[in-house]
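Here's the structure, in C-alpha cells; my notes come after.
Naming convention: chains lettered A, B, ... in sequence-line order (proteins, then strands); numbering from 1 in each chain. Heavy-atom basis, side chains included; hydrogens, waters and symmetry copies ignored.
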Number of protein chains: 2
Amino acid sequence: MPCPIARALDRVGEWWSILILRDAFHGLTRFDQFQRSLLIAPNMLTKRLNDLVAAGLLERRLYNEHPPRYEYVLTDVGHDFRPVMIAMMAWGNRHFAPEGASSIVVDAETEEAADPVLVDRATLRPLTEADFKFAAGPAANDDVKRRMAFVDRKRKKTDG
Amino acid sequence: MPCPIARALDRVGEWWSILILRDAFHGLTRFDQFQRSLLIAPNMLTKRLNDLVAAGLLERRLYNEHPPRYEYVLTDVGHDFRPVMIAMMAWGNRHFAPEGASSIVVDAETEEAADPVLVDRATLRPLTEADFKFAAGPAANDDVKRRMAFVDRKRKKTDG
C-alpha cells in the first residue's frame with residue numbers, strides 16, 4: 001500500500017510496539033527492563049522486539065560477552081518516531097487525563113512544560129484543517145490521485 | 001495506566017482504527033466507503049467503527065430515515081488526532097517511501113507542500129531530543145515519578 005500511514009503502521013501498528021518505543025525513548029534498553037515496565041509475556045516481548053529490529057527501529061547490541069547479553073537501542077529511524085510519540089502523548093493528555101497530565105515534555109534546561117503543536121517548518125504556521133489539506137504527493141498512483149480528488153470535492157462541499 | 005500514550009492507544013491502538021481515522025480525515029463517512037477503501041471484512045469494520053464511536057472519536061449519525069442509514073463523522077476529539085496522523089505520515093514518507101511521497105499535506109490555498117515539524121507553541125522551538133525531555137506531569141503517581149527519575153539519570157549519563 002503506498003499510503004505513508006499504512007507503511008508507518010506496518011512498522012509500529014501494535015499497541016505493544018508503541019509502548020516499547022515509549023520505553024526506549026525513556027532510556028530503557030534491556031529485555032528485563034522492558035518486561036518489568038510493561039508486564040508483558042516474555043514470548044510476546046521477544047516477538048515485538050524482533051519485529052522492531054526487523055523494521056529498523058531498534059538495533060540489537062551485545063553489551064556483555066560472558067554470558068552473552070543484548071540490549072535494544074533506537075536507530076535513527078526509531079529516534080525520528082519521537083514527534084509521533086509526543087503528538088500522541090499530547091492528544092492523550094488533552095482528552096483522556098481528567099485528573100491532569102501524568103507525563104509531559106519539558107524544556108531540558110528550564111524544565112518548563114512544552115505545549116506541542118505541529119507546524120510547517122518554513123512558515124511556522126500550525127497545520128490546521130482550515131489552512132492545510134491532504135493531497136497527492138509526487139509518487140501518487142491513480143488510486144491515491146482519485147482519493148485526493150474526492151478529498152478536495154468533499155472539502156469544497158463542507159466549506160460551501 | 002496513567003501514561004497518556006497508553007491511554008491514547010486504548011482508543012486507537014489498532015492498525016484498522018488508524019486507517020479508518022485516516023479515511024475519515026479524507027472525508028469518508030459511510031460504511032461502504034470505508035469498506036471499499038480498506039478492503040476490510042464487514043464484521044471487522046463494524047467492530048472497529050463501534051470501538052471508535054465508543055472511544056468518542058467518531059459519531060454515528062442517521063443520514064437517511066427510510067431505510068435507516070448511518071454515517072460516521074469525526075468528533076472534536078477525533079479531529080484533534082490529526083496532528084498524530086500527520087506526524088505519522090511525515091515519518092512514513094521520510095523513511096519508507098523510497099519512490100517518493102504518495103500523499104502529503106499542502107497549503108490549502110497555494111497547494112505548496114508543508115514540512116511538518118513539532119514545536120513548542122509558545123517559543124516555536126522544535127521539540128528535539130537535545131532541547132526537550134520527557135518528565136513527570138502534575139498528576140504523576142509514584143511509578144511515573146520513579147520512571148522519570150530514571151529517564152533523567154539515563155539522559156545525564158548519555159550526555160556525559
Query raised in the report: Any donor and acceptor pair, going by atom type alone, linking the side chain of Arg22(B) with main-chain N or O of Ala6(A) inside 3.5 Å?
Result: no

Using non-hydrogen atoms only, which part of [X] is less than 4.5 Å away from chain B: side chain, backbone, both, or neither?
| X | answer |
| --- | --- |
| Glu14(A) | neither |
| Ala122(A) | neither |
| His26(A) | both |
| Asp23(A) | both |
| Val77(A) | both |
| Met148(A) | side chain |
| Thr110(A) | neither |
| Leu57(A) | side chain |

Report task. Step by step, work out the side chain to side chain contact (heavy atoms under 4.5 Å, CB included) result for Asp120(B) and Asp115(A). Result -> CA-CA 5 Å; Asp120(B) 172 37; Asp115(A) 179 10; 4.1 Å; yes

**Report entry** Nearest atoms (heavy-atom pairs only) where Arg155(A) meets Ala108(B)
**Finding:** NH2-CB, 3.3 Å

**Report entry** Smallest separation among heavy atoms of Arg7(B) and Ala97(A), with atom names
**Finding:** NH1-CA, 3.4 Å

Query raised in the report: Who wins among Ser102(B), Ala101(B), Ala130(B), Ala139(B) for the most heavy-atom pairs under 4.5 Å with chain A?
Result: Ser102(B)

Query raised in the report: Are Met85(B) and Ile18(A) co-members of a hydrophobic cluster defined by side-chain heavy atoms under 4.5 Å apart?
Result: yes

Query raised in the report: Cation-pi between Arg82(B) and Phe134(A): NZ/CZ under 6.0 Å from ring centre and within 45° of the ring axis?
Result: yes

Requested in this report: Under 4.5 Å heavy-atom distance to chain A, tell me which part of Val144(B) shows up: side chain, backbone, both or neither.
Outcome: side chain

Query raised in the report: Which region of Asp131(B), side chain (C-beta onward) or backbone (N, CA, C, O), has a non-hydrogen atom less than 4.5 Å from a non-hydrogen atom of chain A, or is it both or neither?
Result: backbone

Query - Parallel, tilted or perpendicular: ring planes of Phe81(B) versus Trp91(A), cut at 30 and 60 degrees - result: perpendicular

